[in-house]
Visitor: 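I'd like to ask you about the structure that follows.
Here is how names work: the chains are called A, B, and so on, in the same order as the sequence lines, proteins then strands, and each is numbered from 1. All heavy atoms count here, side chains included; hydrogens, waters and symmetry mates do not.
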Number of protein chains: 4
Amino acid sequence: MARKPRQRRAKATVDAIVEAGFITMAERGPAATTTRQIADIAGVGVGSIYEYFENKEEIFSVMSDRFIADTIAMIQPLIPELVRKPIKDAVLELLARFRDFLQAGDERYLKCARHAMTLGFEQHVEPLQKTLSELVTQYLMHHPETLQIRNIPTMSYIMINGGIYSVIRHLCDPAPPISFDELAEGLANMVSHYTERELALVRE
Amino acid sequence: MARKPRQRRAKATVDAIVEAGFITMAERGPAATTTRQIADIAGVGVGSIYEYFENKEEIFSVMSDRFIADTIAMIQPLIPELVRKPIKDAVLELLARFRDFLQAGDERYLKCARHAMTLGFEQHVEPLQKTLSELVTQYLMHHPETLQIRNIPTMSYIMINGGIYSVIRHLCDPAPPISFDELAEGLANMVSHYTERELALVRE
Amino acid sequence: MARKPRQRRAKATVDAIVEAGFITMAERGPAATTTRQIADIAGVGVGSIYEYFENKEEIFSVMSDRFIADTIAMIQPLIPELVRKPIKDAVLELLARFRDFLQAGDERYLKCARHAMTLGFEQHVEPLQKTLSELVTQYLMHHPETLQIRNIPTMSYIMINGGIYSVIRHLCDPAPPISFDELAEGLANMVSHYTERELALVRE
Amino acid sequence: MARKPRQRRAKATVDAIVEAGFITMAERGPAATTTRQIADIAGVGVGSIYEYFENKEEIFSVMSDRFIADTIAMIQPLIPELVRKPIKDAVLELLARFRDFLQAGDERYLKCARHAMTLGFEQHVEPLQKTLSELVTQYLMHHPETLQIRNIPTMSYIMINGGIYSVIRHLCDPAPPISFDELAEGLANMVSHYTERELALVRE
DNA sequence: GATGAATGAGCTTTCATTCAT
DNA sequence: TATGAATGAAAGCTCATTCAT
């Protein structure tokens with residue numbers, strides 16, 4: 001039944017619904033994110049949701065897509081700048097942007113990220129992985145000496161997943177044992193120390 | 001109306017319910033973990049659940065407690081052995097044990113861990129944090145030179161959270177881009193490289 | 001989530017639910033007056049109840065309000081006529097009307113009145129008290145000599161409460177020891193005798 | 001299954017259960033009067049209830065019987081004294097005793113009386129009616145002139161039912177518009193005025 | 001006889017989804 | 001196309017009653 005919106009008005013309605021999905025999720029949590037709530041906040045009738053979405057699930061699916069797309073849109077333009085920085089600065093910059101991104105709009109995306117795994121979010125994450133791979137690749141190409149580092153895919157995997165989760169975990173923690181700056185500094189050091197040590201080992 | 005079990009039979013019922021909670025959670029996910037499902041799998045009537053648990057929430061709470069307790073029971077006896085190993089070996093050993101632990105019993109704990117954040121699991125994690133802190137502390141005391149590393153709390157935070165999540169993420173991924181051994185090796189290298197580099201810096 | 005009915009159809013549904021509440025209460029008593037029963041008799045889905053009522057309690061509340069409102073609507077127009085009659089005739093007339101009112105529609109209101117106390121019905125009775133007070137007041141003003149009676153508030157209280165209950169008790173009794181006419185005559189005599197005696201005492 | 005208790009110990013258990021029924025009903029209301037509550041307060045196991053009572057219903061039935069029996073036991077010994085008093089004093093005395101009776105023991109009986117109709121209490125009330133009839137009869141025989149009053153059964157019916165209900169209603173009302181003494185005085189006056197007026201009429 | 005663990009029918013309530021308007 | 005009233009399956013939970021111990 002769900003039809004792809006072809007008209008401008010329809011597109012606006014879809015946007016309003018997805019937007020409302022984010023707002024409800026952020027403000028009241030996933031339990032209160034009912035179709036009624038979404039429709040109310042979107043300012044449309046419940047029935048209209050089903051004009052554009054097969055079911056509630058699909059709204060979350062589109063939200064996940066949008067989350068990923070927005071994350072990519074946030075990172076993509078930073079790449080040229082990041083790849084020119086020293087590794088530690090690049091990581092610090094990226095983490096700061098990521099934090100701002102998660103906290104923007106009433107922590108909308110942070111709240112969503114918490115429930116990401118439950119919401120089957122992983123199925124949407126691939127494009128982001130690709131963008132981050134591109135970032136790593138470009139970085140390596142701008143810093144040819146780093147190409148000697150062994151196991152780059154593995155280390156990327158660890159950095160990306162460990163880093164993302166540590167940040168989310170930290171931002172969600174009402175009483176974190178360390179500050180965000182310490183966390184960021186730590187992660188940046190981790191990366192740069194590892195890189196330096198690795199290069200030193202290779203050089204020997 | 002929840003009362004403490006006084007008879008042997010009662011204790012068995014409580015265990016069956018918690019056990020059924022894990023099974024249901026692992027097999028069908030948290031959405032399908034209804035009181036009815038739990039009762040059916042436990043082989044008891046729905047009413048029996050409420051003889052021993054105030055409400056459904058409390059089942060999850062007890063499950064979380066048990067998960068944490070089991071994790072601690074797994075780690076605690078390893079400590080004497082781990083603290084005597086070189087850092088890299090210690091990390092590798094710990095990760096291997098952690099993987100086995102998560103995958104035991106039809107991946108019960110792995111499946112639960114995926115939904116940990118959704119289930120408000122964080123409120124139960126403190127004892128585990130303490131155990132891991134103890135592990136770190138004892139390790140440091142057995143390797144006095146490592147005490148010179150700066151920002152140990154921060155690095156512990158990163159290692160523990162980033163490490164745990166990377167492993168869970170990896171084990172959940174049906175088609176991971178790297179093998180578990182590569183992941184473990186990478187994490188171990190990350191820790192040991194960081195340590196070495198840090199000590200080198202301090203020595204300078 | 002209870003919302004005010006905006007469409008004509010909605011108003012009909014609300015009415016059907018309240019109507020079904022009365023029917024169920026009258027036919028099966030308060031214990032069997034479940035949301036399911038009400039929905040079935042109203043010919044609507046259970047869910048519809050909660051479109052218009054916050055909870056089951058509120059149905060009883062609205063039923064009480066309607067009962068009181070209907071009683072008032074029955075009494076109010078009688079007042080001009082009643083106040084012009086001799087006291088005994090006035091009481092007889094009122095009692096006859098009250099009986100007819102209670103027995104109308106399959107004794108709906110009589111059956112409900114039986115359970116009035118259990119249902120916390122007292123909280124809704126004030127408007128009726130006011131109407132009856134008005135009746136008494138107007139009666140007194142049309143018969144100035146009666147103003148000399150002492151303790152009018154007390155006697156009103158006794159007459160109203162004792163009278164209402166005696167009638168309900170009588171109508172509920174499958175084998176009453178006296179006829180309704182005897183009861184009515186007795187109550188009317190009670191009032192008129194008391195009045196006469198009181199006036200006689202005052203005159204002395 | 002329910003067997004009549006033959007032994008002293010069994011009789012004590014039955015008593016404890018009925019007693020607990022009154023306590024629970026008075027303290028927590030009929031909704032909280034579950035078999036569990038009753039058993040807990042009685043200090044017996046839930047199972048024991050079913051040794052002596054067919055079902056929950058029967059407990060209420062026995063409670064009603066006991067309520068009536070106690071009421072009779074309260075009234076019966078007063079009869080010789082009451083029948084010797086002037087009518088007004090007799091009524092005042094009876095009402096005072098009735099109030100004390102209802103309010104004794106944490107208002108146990110008053111609370112029960114409120115729910116009497118719901119609990120099908122009427123089926124147990126006959127012995128009390130008989131006692132009250134006896135009181136009336138004896139009173140009439142001690143005051144032969146009153147035998148000339150017409151419609152004595154009707155007036156008894158009104159006095160008894162109207163009186164009982166007015167008192168219960170008044171004692172239940174958290175903010176009654178008149179004091180209990182005013183109510184009692186009013187009822188007593190009602191009776192005596194009526195009697196006097198009736199006798200005057202007959203004499204004419 | 002006494003117990004209380006176990007039961008499960010049945011309660012109130014929610015909410016994704018449908019469909020007449 | 002847009003609406004929101006209506007739906008009913010299914011949730012969490014209660015409690016009178018049973019029965020093995």
Visitor: Without swapping roles, check the side chain of C:S48 against the backbone of C:V44 for a donor-acceptor pair under 3.5 Å.
Guide: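 A pair under 3.5 Å: no.
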
Visitor: For A:D70, give me all partners under salt bridge (charged side-chain N to carboxylate O under 4.0 Å, His left out), at least two apart in sequence or on another chain.
Guide: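 A:D70: no salt bridge (charged side-chain N to carboxylate O under 4.0 Å, His left out) contacts found.
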
Visitor: Measure the distance from CZ on A:R28 to C1' on E:dC15 and round it to the nearest whole Å.
Guide: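 Value for this atom pair: 16 Å.
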
Visitor: List every contact pair, protein side and nucleotides 9-12 of chain F side both N or O, where the distance is under 3.5 Å.
Guide:
{"residue": "F:dG12", "atom": "OP1", "partner": "B:K56", "partner atom": "NZ", "Å": "2.4"}
{"residue": "F:dG12", "atom": "OP2", "partner": "B:T35", "partner atom": "N", "Å": "2.9"}
{"residue": "F:dG12", "atom": "OP2", "partner": "B:T35", "partner atom": "OG1", "Å": "3.1"}

Visitor: From CD1 of A:I38 over to C1' of F:dT3, roughly how many Å is that when rounded to an integer?
Guide: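 Whole-Å distance recorded here is 17 Å.
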
Visitor: Check salt bridge (charged side-chain N to carboxylate O under 4.0 Å, His left out) between C:D65 and all other residues, then give those that pass, not counting sequence neighbours.
Guide: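 By the salt bridge (charged side-chain N to carboxylate O under 4.0 Å, His left out) rule, C:D65 matches no residue at all.
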
Visitor: Output the rounded distance in Å from CD1 (C:I49) to P (F:dG8).
Guide: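 Distance check: C:I49 CD1 to F:dG8 P gives 13 Å.
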
Visitor: F:dT18 C1' sits how many Å from D:E54 CD, rounded?
Guide: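 Value for this atom pair: 13 Å.
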
Visitor: Whole Å only: how far is the CD atom of D:Q37 from the P atom of F:dA16?
Guide: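 Answer to the nearest Å: 10 Å.
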
Visitor: Just need the stems in DNA chain F: three or more back-to-back Watson-Crick or G-U pairs, each with both distances under 3.5 angstrom, sorted by first number.
Guide: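 If one scans DNA chain F for consecutive Watson-Crick or G-U pairs, the stems found are E:2-21 with F:2-21.
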
Visitor: Check the pair A:R108 / A:D106 against side chain to side chain contact (heavy atoms under 4.5 Å, CB included), numbers first and verdict last.
Guide: CA-CA 5 Å; A:R108 146 185 321 195; A:D106 199 20; 5.5 Å; no

Visitor: Are the side chain of D:K56 and the backbone N or O of D:T33 linked by a donor-acceptor pair below 3.5 Å?
Guide: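 Checking the backbone N and O of D:T33 against the side chain of D:K56, a donor-acceptor pair under 3.5 Å is found.
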
Visitor: In whole Å, what is the span from the CD1 atom of A:I17 to the P atom of F:dT1?
Guide: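 Checked: the CD1 to P distance equals 14 Å.
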
Visitor: Taking atom P of E:dG4 as reference, at what distance in whole Å does atom CG of D:D40 sit?
Guide: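 My rounded result for the distance is 9 Å.
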
Visitor: Donor-acceptor pair, A:D15 side chain versus A:V18 backbone, under 3.5 Å?
Guide: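 No: the side chain of A:D15 does not pair with the backbone of A:V18.
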
Visitor: With respect to the side chain of D:E51, which nucleotide from F:dT7, E:dG1, F:dA2 is positioned closest?
Guide: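 The answer is E:dG1, which lies nearest to the side chain.
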
Visitor: Quick check: does any side chain N or O of C:S61 sit under 3.5 Å from a backbone N or O of C:E57, one acting as donor and the other as acceptor?
Guide: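 No; judged by distance alone, with no hydrogens or angles, the pair does not exist.
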
Visitor: What is the separation between atom CD1 on C:I59 and atom P on E:dT12, rounded to the nearest whole Å?
Guide: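 Taking CD1 of C:I59 and P of E:dT12, I get 9 Å after rounding.
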
Visitor: Whether B:S48 contacts E:dT7 is assessed here as follows: a side-chain N or O lying under 4.0 Å from the phosphate OP1 or OP2. Is that the case?
Guide: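 Yes.
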
Visitor: For B:D40, give me all partners under salt bridge (charged side-chain N to carboxylate O under 4.0 Å, His left out), at least two apart in sequence or on another chain.
Guide: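 Here no residue qualifies.
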
Visitor: Please name all residues satisfying ring pair (Phe, Tyr, Trp, His ring centres under 6.0 Å) with B:F67, sequence neighbours left out, ordered by chain then number.
Guide: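 Listed in chain order: B:Y109, B:F121.
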
